[in-house]
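First up is the structure itself, then whatever we jot down about it.
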Amino acid sequence: MYFGLSFSRVGADFRPLLMPIFMNAAEKYFDDQISKAEQDFLHYMAHFQISESVSLFSTPIASCGIGVSLQPPTSLLEFIPLAVLANGCQTAFTNLRLCCPIALAPKVKGRLTIMANLVIERIIQLYRAEAVSFSSREKESFTKLCSTVISEFLPFVNTCLSNLFPSATLAASLGIPVRESVEIYSLDVNKICQRLKQHVPTEEDVICEKTEEKSSPEMVTENGDNSHEEDQVELHSNDENNDAEKPVETELNQEKEKGKDNLYSN
């Protein structure tokens, strides 16, 4: 580039001819890195059993660092294929950062969209093959796998892309608003994960389950109130019998006292 700048003084600036060479080389190297990460992902998925997933953290761990973290989420460690794929993507992003032309943003996004669709398709295949024999614990693990892809893995990819292709730089180079520049490099998570969302409970489903759990003890108490009512009826009947016997006892006591008085008078 410095040599081309020197030639520009005599009208022989050849720098624009070099840009496609660097772009093609960077794109090919990035594509090779992502392809290797996909192969590792498919290899681990071929031997992956949903029952092997282990919950490592009872509660989500908040990041202590300042700013946005570019490290893969720790929750991916619960599913080894996703962790391997995230490490491969991070390696590809690190190498691309050494020479990252802004013009590569649409191509990088397209390649990562293909990768994301591959991940979704492989997870759907796993569900179709083993859903019949899922236990309750395996169903929860599969739901968590889908939720991790939607809320952890793909947002992590978008975060890395936002650092490789800053939206402000794209907007200034293309002369478009910042909101439109975000669509150039970021993955459409909602569209990509449309098939996985049916396996992830929504907030409404969670609220309905909580209300059902709260209402079920009330039903038990309502059913148990009949026995209490019967006990109360028995207690009332016993009290009435006791009240009915009390006047008889009092009359006998009065007669005894009268007899005593008669004896004393005699």
Residues 145-155, side-chain donor-acceptor partners within the protein, below 3.5 Å, at least two apart:
{"unit_1": "Thr148", "atom_1": "OG1", "unit_2": "Lys144", "atom_2": "O", "d": "2.7"}
{"unit_1": "Ser151", "atom_1": "OG", "unit_2": "Ser147", "atom_2": "O", "d": "2.6"}

query: Does a sphere of radius 6.0 Å around NZ in Lys197 hold more than 12 heavy atoms from other residues, nucleotides or ligands, not counting ones at 6.0 Å or beyond?
result: yes

Show me the donor-acceptor pairs, under 3.5 Å and distance only, between side chains in residues 6-22 and residues at least two apart or in other chains.
{"unit_1": "Ser6", "atom_1": "OG", "unit_2": "Tyr2", "atom_2": "O", "d": "3.2"}
{"unit_1": "Ser8", "atom_1": "OG", "unit_2": "Leu5", "atom_2": "O", "d": "2.4"}
{"unit_1": "Asp13", "atom_1": "OD1", "unit_2": "Arg15", "atom_2": "N", "d": "3.1"}
{"unit_1": "Asp13", "atom_1": "OD1", "unit_2": "Arg15", "atom_2": "NE", "d": "3.0"}
{"unit_1": "Asp13", "atom_1": "OD2", "unit_2": "Arg15", "atom_2": "NE", "d": "3.2"}
{"unit_1": "Asp13", "atom_1": "OD2", "unit_2": "Arg15", "atom_2": "NH2", "d": "2.9"}

field: Pairs meeting criterion salt bridge (Lys or Arg N to Asp or Glu O under 4.0 Å) with involvement of residues 89-108, two or more places apart
entry: Glu27-Lys107

query: Is there a side-chain contact between Leu164 and Phe93, using heavy atoms and a 4.5 Å cut-off?
result: yes

task: Could you list the residues that satisfy ring pair (Phe, Tyr, Trp, His ring centres under 6.0 Å) with Tyr127, not counting sequence neighbours?
output: Phe142, His199

field: Which residues share a salt bridge (charged side-chain N to carboxylate O under 4.0 Å, His left out) with Lys28, sequence neighbours left out
entry: Asp32

field: Partners passing salt bridge (charged side-chain N to carboxylate O under 4.0 Å, His left out) against Glu121 (at least two apart in sequence or in another chain)
entry: Arg195

Please tabulate, for the side chains in residues 80-92, all donor-acceptor contacts under 3.5 angstrom to protein atoms that are two or more places apart in sequence or on a different chain.
{"unit_1": "Asn87", "atom_1": "ND2", "unit_2": "Ala83", "atom_2": "O", "d": "3.3"}
{"unit_1": "Gln90", "atom_1": "NE2", "unit_2": "Leu70", "atom_2": "O", "d": "3.2"}
{"unit_1": "Thr91", "atom_1": "OG1", "unit_2": "Asn87", "atom_2": "O", "d": "3.0"}

task: Identify whether Val182 and Leu170 are in the same connected component of the hydrophobic contact network (ILVMFWY, side-chain heavy atoms under 4.5 Å).
output: yes

query: Who are the side chain to side chain contact (heavy atoms under 4.5 Å, CB included) partners of Ile176, not counting sequence neighbours?
result: Leu174, Glu180, Ser181, Ile184

message: Under the ring pair (Phe, Tyr, Trp, His ring centres under 6.0 Å) definition, can you give me all pairs with a residue in residues 162-197, not counting sequence neighbours?
response: none

- prompt: Looking at residues at least two apart in the chain, or sitting in another chain, which of them share a side chain to side chain contact (heavy atoms under 4.5 Å, CB included) with Glu38?
  reply: Ile34, Arg111, Met115, Leu118

field: side chain to side chain contact (heavy atoms under 4.5 Å, CB included) involving Ser135 - partner list, sequence neighbours excluded
entry: Arg137, Glu138

- request: Would you please name every residue forming a side chain to side chain contact (heavy atoms under 4.5 Å, CB included) with Lys36, sequence neighbours left out?
  value: Asp40

field: Joint cluster assignment, Val189 & Ile114, ILVMFWY side-chain distance < 4.5 Å
entry: no

